[in-house]
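When reading the values below, keep in mind they use all heavy atoms of this one structure, side chains included, and skip hydrogens, waters and symmetry mates. Numbers here simply count residues along the sequence, with the first being 1. It should be emphasised that the depicted structure is a prediction, and the values quoted were computed from it without experimental measurement.
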Amino acid sequence: MSRAAVPGLPSRYPIGEQLPALYADDDFAQRFTAGLDTVLAPVFTTLDNLPSYFDPRLAPADFLAWLATWVGGTDDPRWPPALRREAVAGAVELHRWSGTRRGLVEALRLVLGVSAEITGDGGAAWSSTAGGALPPAPADEVLVRVWPRHDGAADSAHAVDADRVLALVRSLCPVHTICRVEVLTGPPTSEEGRQ
């Protein structure tokens, strides 16, 4: 990321106009300070627009990757710009739901742009009665079904990369759980949900 001179960008604070009257009519002083104005104009423009750099929906595209590191988000330059911005904007909220079904579904939506349904709880069981009988052992497998999003966005209906889905699911699920991923062509039917 670099902010370089932008040809023809005027400075909002020309140095030549701030010189003492003695140098106001000096051609050399005005040309010299005009060269400095060319170098400083992008700096002043960046500083004037600094709040927009910290808003992922407004930040320059080349600043998004750096901004993503600030919030522990995921950014991939191969993604469409709208998805990159949404992933960075949702990163902090996503940390709040880390380790939950909702968090995994949101991560799959934000990071990979897919819809998901999760069944199974990874083997967690508890009893609400102290000293009571233990509940039956739950299934220790988490089933993650994913399918392409069809929400009207131009780039949402794309093929699902099963390897990327599996890698993301494995990175977000607790170590003791067994995760299985199924890639569907569309939302699961009620019969698929009962399996």
Rounded distance (nearest 0.5 Å) linking atom [atom1] of [X] with atom [atom2] of [Y]:
| X | Y | atom1 | atom2 | answer |
| --- | --- | --- | --- | --- |
| Leu172 | Cys179 | CG | SG | 9.5 Å |
| Arg149 | Leu112 | CZ | CG | 11.0 Å |
| Arg145 | Arg180 | CZ | CZ | 7.5 Å |
| Leu110 | Leu83 | CG | CG | 7.5 Å |
| Leu50 | Asp55 | CG | CG | 12.0 Å |
| Leu47 | Leu40 | CG | CG | 10.0 Å |

Could you tell me whether the side chain of [X] and the main chain of [Y] form a donor-acceptor pair under 3.5 Å?
| X | Y | result |
| --- | --- | --- |
| Thr129 | Gly132 | no |
| Arg85 | Ala59 | yes |
| Ser98 | Leu94 | no |
| Thr177 | Cys173 | no |
| Arg101 | Gly120 | yes |
| Asp37 | Pro10 | no |
| His95 | Gly73 | no |

Could you check if a side-chain atom of [X] sits within less than 4.5 angstrom of a side-chain atom of [Y], using non-hydrogen atoms only?
| X | Y | answer |
| --- | --- | --- |
| Phe54 | Trp70 | yes |
| Asp48 | Arg12 | yes |
| Phe63 | Pro56 | no |
| Leu108 | Val144 | yes |
| Leu184 | Val146 | no |
| Ser171 | Leu168 | yes |
| Ile118 | Val142 | yes |
| Gln18 | Tyr13 | yes |

Restricting to non-hydrogen atoms, name the atom on Val71 and the atom on Ala91 that form the minimum distance, rounded to 0.1 Å.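 Closest heavy-atom pair between Val71 and Ala91: CG2-CB, 3.7 Å.
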Provide the closest heavy-atom pair for Trp97 versus Thr100 in the form atom of the first, atom of the second, distance.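 Scanning both residues completely, I find the closest heavy atoms to be O-OG1, 2.6 Å.
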Assess the residue pair Leu19 and Gln30 against the criterion (side chain to side chain contact (heavy atoms under 4.5 Å, CB included)); give the C-alpha distance rounded to whole Å, side-chain angles, the decisive distance to 0.1 Å, and a yes or no. CA-CA 9 Å; Leu19 293 175; Gln30 293 299 318; 4.0 Å; yes
CA sep, side-chain torsions, deciding dist, call: Glu86, Arg84, salt bridge (Lys or Arg N to Asp or Glu O under 4.0 Å): CA-CA 6 Å; Glu86 186 180 357; Arg84 291 181 65 202; over 6 Å; no
If you apply the rule side chain to side chain contact (heavy atoms under 4.5 Å, CB included), what do you find for Thr46 with Tyr53, and how did you get there? CA-CA 8 Å; Thr46 299; Tyr53 278 75; 3.6 Å; yes
Flag yes if more than 12 heavy atoms outside Phe32 fall under 6.0 Å of its CZ atom; otherwise flag no.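 No, the 6.0 Å shell around CZ holds no more than 12 heavy atoms from other groups.
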Would you say CZ of Arg164 has more than 12 non-hydrogen atoms from neighbouring residues, nucleotides or ligands within 6.0 angstrom?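 More than 12 within 6.0 Å, yes.
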I would like to know whether Leu166 and Arg170 meet side chain to side chain contact (heavy atoms under 4.5 Å, CB included); could you show each step before the answer? CA-CA 6 Å; Leu166 186 57; Arg170 283 185 177 156; 3.7 Å; yes
Report yes or no: do Leu58 and Val88 belong to one cluster of Ile/Leu/Val/Met/Phe/Trp/Tyr joined by side chain heavy-atom distances under 4.5 Å?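 Shared cluster, no.
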